[in-house]
Amino acid sequence: MELPEVEVMRRDLEKDVVGRRVKSVEVRPSKNAMRVIRRHGRRKEFSSRLEGRKVAKAERKGKYLLLTLDSGEVLVVHFGMSGQFIRANKRVALPPHTHVVITFQQGGDLRFVDPRTFGELFVSAADEIGKVKELQHIAIDPLEDTFTWQSFGDLLAQRAAKLKALLMDQKFVSGLGNIYSDEVLFAAGLRYDRTSDALSSQEVRRLYRAIQEIVQEAIRYRGTTLDDVAYVDLFGKPGEYQHELKVYGRRGLPCRRCRTPIDVVRISNRSSYFCPQCQS
DNA sequence: GTTTAACCCTGCACGC
DNA sequence: TGCGTGCAGGGTTAAA
C-alpha cells in the first residue's frame with residue numbers, strides 16, 4: 001500500500017471510525033498476530049491501551065497511519081505489502097489472516113488483516129511519538145504545501161542517486177512505492193536510471209509535477225487494486241487506478257502514448273517498468 | 001555516499 | 001495433478 005491507498009483509508013476512517021469508542025480489542029491467538037503487534041510483549045499490553053478510548057483523529061505520515069486516541073496515545077499502523085483494515089461486525093466471519101479485531105461500543109468492528117505480516121500495529125505514548133524512529137526519518141510529503149519544485153530541486157541536486165531508487169526512498173520523499181514511482185517516471189518522461197543531480201531544471205519541474213499529478217489522480221481513483229494481494233478500501237471496495245496505469249505491470253504491452261512495447265528491468269530485486277521510447 | 005543481496009512472511013501463477 | 005520456482009505494492013541491515 002502506497003501513499004494514495006493509505007490516504008484513501010485515512011479519509012474513510014475519518015468519516016467512519018473517528019468519534020467511535022473502543023469496547024474491546026482481540027489480538028488473535030495465532031503466532032502471526034503477535035508478529036503484527038511485535039513491539040508489544042503481550043496481547044494485553046496492546047489491547048488495554050485501546051479499550052475504553054475514543055478515536056479522536058486520523059492522520060497520515062508517509063505510508064503510516066496515525067490514529068490518535070482521546071488518551072493522547074497514538075495507534076500507529078503500517079500496512080506493509082498486504083495489510084488492510086476492514087469494517088465489519090460480529091455476524092461476518094473473520095477472513096483468514098485476521099490478526100486484530102477492534103470492536104466499538106456503538107457497534108461494528110475494525111479488522112486488521114495481513115497475509116504476509118509485513119504490516120504492523122503498535123500503540124505509542126503521546127510523548128513518545130516524536131521518538132519513533134521510523135516516523136522521524138520520513139521525508140516531505142508530496143501533498144504538503146512545503147513541497148515546492150524549488151525545494152525538491154535542491155534535494156535532487158544534493159544527491160547523486162538513480163531516480164527510481166530515490167523516489168522509493170522514504171527518507172527522500174515519502175509515500176511512493178514501486179507502482180507509483182514507475183508511473184511518476186513515465187509521466188515525467190524520465191528513465192529509472194537517470195541520476196538525480198544531472199537533471200535540467202525543466203526535467204526537475206517535470207518530475208515534480210508528475211509526482212503531484214500521479215498521487216492526486218490515484219487518490220481520486222481511490223487507489224490501485226491489482227489481483228495479487230488486492231488492496232480494498234475500508235468497506236472492501238477495490239480502487240480504480242489500475243485501469244489508469246501507463247507502465248506498471250504492462251510488460252510487452254504497447255505504450256499508451258507511442259505504442260512501443262513496455263520494457264521491464266530488475267533493480268535491487270524489484271521490477272521497474274518503463275517505455276524505452278517515451279522515457280530518456 | 002550509493003548500490004546490492006538477503007531477509008522478514010504467505011499465496012499464487014507458471015512451467016515442467 | 002503435483003511440485004518446485006519465482007514473484008508480489010513494505011522496509012531493514014550488512015557488506016561491497
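Every chain is numbered from 1 and lettered A, B, ... according to where its sequence line falls, protein lines coming before strand lines.
One atom, NE2 of A:H99, and another, P of B:dC8, lie 17 Å apart when rounded to the nearest Å. With rounding to whole Å, A:D197 atom CG is found 14 Å from B:dG1 atom P. The distance from atom CZ of A:R250 to atom C1' of C:dA8 is 19 Å, rounded to the nearest whole Å. Spacing between atom NZ of A:K164 and atom P of C:dG9 amounts to 8 Å, rounded to whole angstrom units. Rounded to an integer number of Å, the gap from CD1 of A:I138 to P of C:dT12 is 9 Å. Here the C1' atom of nucleotide C:dG11 and the CZ atom of A:R39 are 11 Å apart, to the nearest Å. At whole-Å resolution of the value, CZ in A:R35 and P in C:dT12 are 14 Å apart. Residue A:L226 contributes atom CG, which lies 14 Å from atom P of B:dA13 at whole-angstrom precision.
When the C1' atom is compared between C:dG2 and B:dC9, the two are found 24 Å apart, to the nearest whole Å. When the P atom is compared between C:dG6 and B:dA5, the two are found 14 Å apart, to the nearest whole Å. Comparing C:dG10 with B:dG1, their C1' atoms sit 24 Å apart, to the nearest whole Å. B:dA13 and C:dG9 are spaced 16 Å apart, taking the P atom of each and rounding to whole Å.
Ring orientation note: the planes of A:F85 and A:F79 are nearly perpendicular, at an angle over 60° on the 30°/60° scale.
Contact annotation for A:R266: backbone-only contact, meaning every heavy-atom pair under 4.0 Å involves sugar-phosphate atoms and none involves a base. A:S271 comes within 4.0 angstrom of sugar-phosphate atoms only, judged by non-hydrogen atoms across all strands, and of no base. Residue A:N32 is classed as a sugar-phosphate contact, given heavy-atom separations below 4.0 Å to backbone atoms only. A:R270 comes within contact range of at least one nucleobase, with a heavy-atom separation under 4.0 Å.
Between A:H137 and C:dT12 there is a side-chain N or O to OP1 or OP2 distance below 4.0 Å. Taking side-chain N and O atoms only, A:H97 has a distance below 4.0 Å to OP1 or OP2 of B:dG11.
Toward the 5' end of DNA chain C, the nearer of the two residues A:K63 and A:K133, judged by each one's closest nucleotide, is A:K63. Nearer the 5' end of DNA chain B, as judged by each residue's closest nucleotide, is the contact made by A:F118, out of A:P96 and A:F118.
In this structure, the nucleotide among C:dG9, B:dT10, C:dT12 sitting nearest to the side chain of A:M81 is C:dG9. In the set B:dC8, C:dG9, C:dT12, the nucleotide with an atom closest to the side chain of A:K171 is C:dT12. Listed candidates were C:dG10, B:dC9, C:dG9. Nearest to the side chain of A:Y231 is C:dG9. The listed nucleotides are C:dG9, C:dT12, C:dG11; the one nearest the side chain of A:I179 is C:dG9.
Judged by distance alone, with hydrogens and angles left aside, A:R116 brings a side-chain donor or acceptor within reach of the base of C:dA8, the pair sitting under 3.5 Å.
Taking both residues in full, the closest heavy atoms of A:D70 and A:R53 are given as OD1-NE, 2.8 Å, listed atom of the first, atom of the second, then distance.
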What N/O pairs connect the protein and nucleotides 2-6 of chain B at under 3.5 Å? Give each pair on its own line.
residue, atom, partner, partner atom, Å
B:dT2, OP1, A:A160, N, 2.8
B:dT2, OP2, A:R159, NE, 2.8
B:dT2, OP2, A:R159, NH2, 3.4
B:dT3, OP1, A:K162, N, 3.3

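Partner A:R87 forms a salt bridge (charged side-chain N to carboxylate O under 4.0 Å, His left out) with one of A:D109, A:D12, A:D16, A:D233 and no other, that one being A:D16. Paired with A:K164 under the rule side-chain hydrogen bond (donor to acceptor under 3.5 Å, both in side chains), one option of A:D193, A:D169, A:N178 passes, and it is A:N178.
Separation of atoms CZ (A:R256) and CZ (A:R250) is listed at 4.0 Å; rounding is to 0.5 Å. The structure places CZ of A:R270 at 11.5 Å from CD1 of A:I267, a figure rounded to the nearest 0.5 Å.
A:M9 and A:L226 end up in the same hydrophobic cluster when Ile, Leu, Val, Met, Phe, Trp and Tyr side chains are linked at under 4.5 Å. A:L110 and A:V74 end up in different hydrophobic clusters when Ile, Leu, Val, Met, Phe, Trp and Tyr side chains are linked at under 4.5 Å.
In the model, A:Q242 has no side-chain atom that pairs as donor or acceptor with a side-chain atom of A:Y231 under 3.5 Å.
Pair assignment for B:dC9: none, as no Watson-Crick or G-U wobble contacts are both less than 3.5 Å.
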